[in-house]
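Contents: one structure, followed by commentary.
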Protein chains: 2
Amino acid sequence: MSETNDRPYHHGDLRRALIDTALAMLAANQNWAFTLREVARRTGVSHAAPYKHFRDREMLLRELASIGFVRLGETMTEAMSPARPSTRAQFVAAAQACIAFACQNPGLYRLMFSSDADKTIDPQLHATAMSTFGILVGLLERGQCDGSFRPVAVNALAAASWAQVHGLAMLAISHQLLEEKVGPAPVPAALDVLLDGMCCPD
Amino acid sequence: MSETNDRPYHHGDLRRALIDTALAMLAANQNWAFTLREVARRTGVSHAAPYKHFRDREMLLRELASIGFVRLGETMTEAMSPARPSTRAQFVAAAQACIAFACQNPGLYRLMFSSDADKTIDPQLHATAMSTFGILVGLLERGQCDGSFRPVAVNALAAASWAQVHGLAMLAISHQLLEEKVGPAPVPAALDVLLDGMCCPD
DNA sequence: CACACAAGTTTCTCCTGTAAACATGGAGGA
DNA sequence: TCCTCCATGTTTACAGGAGAAACTTGTGTG
């Protein structure tokens, strides 16, 4: 009972393992209806073990959401980093990266913006989300400096474009951007409409 | 035990009463974490009674979402109906009505677009949601006919504006449109940006 | 080398969703 | 009038889940 049992009493990094299991289940089912006990079971520990690392089920969900924001931020930063011909092109790339992220991780993306990952009760999560939002603001500020975007309050631009991108992502996840309903390339089309309003007339 | 008991064995319209209770709890807590048993309890019936009217808990949630779409549609239609100076003004009114609805019913609005009200498994709900979406499409079509909006695929316009309005609503609900961050009137500002891209240059 | 503490496990209670069997009372036919 | 059916209630039962409490195990540190 104690010899070749390859599961030592102490797991080593159970916290990470639980998060990985939960992320896998989130990706597999595209929802977070899983129970904490199921996560524990699949991770191979007792059902009470998770409580040593997460106060309750919701805290685990907020942790997942936080990871989602970090990954989304990385994705967007990466999409913007290659030398693009213009700030506008950088914006389009970042927006498309965000929407692609949502399509590839629909469960996680939904969780990030759901009330089950309540940002008002978790300063840490709120800060992480704001940091991701800041990537967009930074891009818009640079665009204003180089004359690409209109010199209105940057946060108004940020609200408008964040709303647009997030709205498109949600529509895409909900399969409401079907080609026969909305044309062959709705995302670039919608972004163009927005950018026509955001960019300086030239 | 049977005299002044003002609760007859048969409720009369338990289905409606359960829905009303659930809507009230949704509004009170701004989430749908309530249990079916709690709904039954507050409605004053046994915990199994709801199953005579809803196959399971999710079916009740979808019913609530459906009611939400109907109400949203009414609100938007109403906002558009008074004689407005222009189609553009009608659009702004409808969009603001939608966002106001979301702010006044954040729980319900979230539920309507959550995966717990899965539209892919409920044709009735899907149809109701599409009908509400159709109000927007109708307005855009009229605007194209009278030359207000650019003559591109109407569904592309619909996707762009729906994304924008829905995105703004979600941001507003999440209290991310604070004045100090985003200016005094972010919604009209964002809608203007969008409309500048949607309307015919003139 | 002892031992305190972090990280597991077991056990327990209360609650939920949902199924099944039973009860009730109003509506429609004999 | 009365009987019987059925929709709509209730009671009872059960499988699980959340989370608390008490117990166990090993490991790092004096």
Side-chain angles (χ1 to χ4, degrees), chain A residues 1-22 24-26 28-29 31-65 111 114-118 121-122, chain B residues 1-22 24-26 28-29 31-65 111 114-118 121-122:
Chain A
M1 195 80 159
S2 64
E3 197 185 22
T4 36
N5 189 339
D6 55 358
R7 188 187 321 289
Y9 191 93
H10 288 289
H11 181 283
D13 197 357
L14 181 55
R15 179 186 171 83
R16 171 67 69 183
L18 290 167
I19 289 173
D20 287 345
T21 303
M25 296 177 73
L26 183 56
N29 309 330
N31 69 47
W32 52 99
F34 53 76
T35 66
L36 208 43
R37 284 166 113 102
E38 177 76 12
V39 174
R41 216 173 289 135
R42 296 206 187 194
T43 310
V45 295
S46 77
H47 63 85
Y51 289 93
K52 298 293 175 183
H53 299 275
F54 305 97
R55 181 169 26 260
D56 55 23
R57 187 176 168 280
E58 297 227 323
M59 188 168 162
L60 170 60
L61 294 180
R62 287 196 294 271
E63 184 69 37
L64 300 184
L111 173 60
S114 82
S115 48
D116 287 329
D118 189 345
I121 64 174
D122 189 336
Chain B
M1 196 80 160
S2 63
E3 197 182 23
T4 36
N5 191 339
D6 55 357
R7 189 187 320 288
Y9 190 93
H10 287 291
H11 181 284
D13 197 356
L14 180 55
R15 181 185 170 82
R16 171 68 66 182
L18 290 167
I19 289 173
D20 288 344
T21 303
M25 294 176 74
L26 183 56
N29 310 329
N31 69 49
W32 52 100
F34 54 76
T35 68
L36 208 43
R37 284 169 111 104
E38 176 76 11
V39 174
R41 218 173 288 138
R42 295 205 187 195
T43 310
V45 296
S46 77
H47 62 91
Y51 288 92
K52 299 295 173 179
H53 300 274
F54 305 98
R55 181 168 29 261
D56 56 21
R57 186 175 169 281
E58 297 225 324
M59 188 168 162
L60 171 60
L61 293 180
R62 287 196 294 270
E63 184 70 37
L64 300 184
L111 172 60
S114 82
S115 49
D116 286 328
D118 190 344
I121 64 174
D122 188 338

Nearest-Å distance, CG (A:Leu18) to C1' (C:dA7)?
12 Å
Residues in side-chain hydrogen bond (donor to acceptor under 3.5 Å, both in side chains) with A:Asn31, at least two apart?
none
May I have all residue pairs that pass salt bridge (Lys or Arg N to Asp or Glu O under 4.0 Å) and include part of residues 40-51 of chain A, sequence neighbours excluded?
A:Glu38-A:Arg41, A:Glu38-A:Arg42
Expressed in angstrom and rounded to an integer, what is the separation of A:Leu36 atom CG from D:dG19 atom C1'?
9 Å
Please set out all donor-acceptor pairs under 3.5 angstrom arising from side-chain atoms of residues 12-19 of chain A, sequence neighbours excluded.
{"unit_1": "A:Asp13", "atom_1": "OD1", "unit_2": "A:Arg16", "atom_2": "N", "d": "3.4"}
{"unit_1": "A:Arg15", "atom_1": "NH1", "unit_2": "A:His53", "atom_2": "O", "d": "3.3"}
{"unit_1": "A:Arg15", "atom_1": "NH2", "unit_2": "A:Glu63", "atom_2": "OE1", "d": "2.9"}

Quick note, salt bridge (Lys or Arg N to Asp or Glu O under 4.0 Å) partners involving residues 45-55 of chain B, not counting sequence neighbours, are none
Verify, without hydrogens or angle tests, whether B:Thr43 (side chain) and B:Val45 (backbone) share a donor-acceptor contact under 3.5 angstrom.
no
Roughly, in whole Å, what's the span from CZ in A:Arg37 to C1' in C:dC12?
11 Å
Using whole Å, report how far CG of A:Asp56 lies from P of D:dG17.
17 Å
With the threshold set at under 4.0 Å for non-hydrogen atoms, list the residues of residues 40-50 of chain B touching DNA chain D in residue-number order.
B:Val45, B:Ser46, B:His47, B:Ala48, B:Ala49
B:Trp32 CH2 to C:dT16 C1': how many Å, rounded?
19 Å
Without decimals, in angstroms, what is the distance between B:Met59 CE and C:dT18 P?
12 Å
I need the CZ-P distance between B:Phe34 and C:dG17, as an integer number of Å.
10 Å
Partners passing side-chain hydrogen bond (donor to acceptor under 3.5 Å, both in side chains) against B:Glu58 (at least two apart in sequence or in another chain)
none
Is any N or O donor-acceptor pair between the side chain of A:Arg57 and the base of D:dG17 shorter than 3.5 Å?
no
Give a yes or no on whether a donor-acceptor pair under 3.5 Å exists between the nucleobase atoms of C:dT18, that is its base, and the side chain of B:Arg55.
no
Can you tell me how far P of C:dG25 sits from CG of B:Leu14, to the nearest Å?
16 Å
Toward the 5' end of DNA chain D, which comes first, A:Glu38 or A:Lys52, by nearest nucleotide?
A:Glu38
Identify the heavy atoms of A:Ala40 and A:His47 that sit nearest to each other, and give their distance.
CB-CA, 3.8 Å
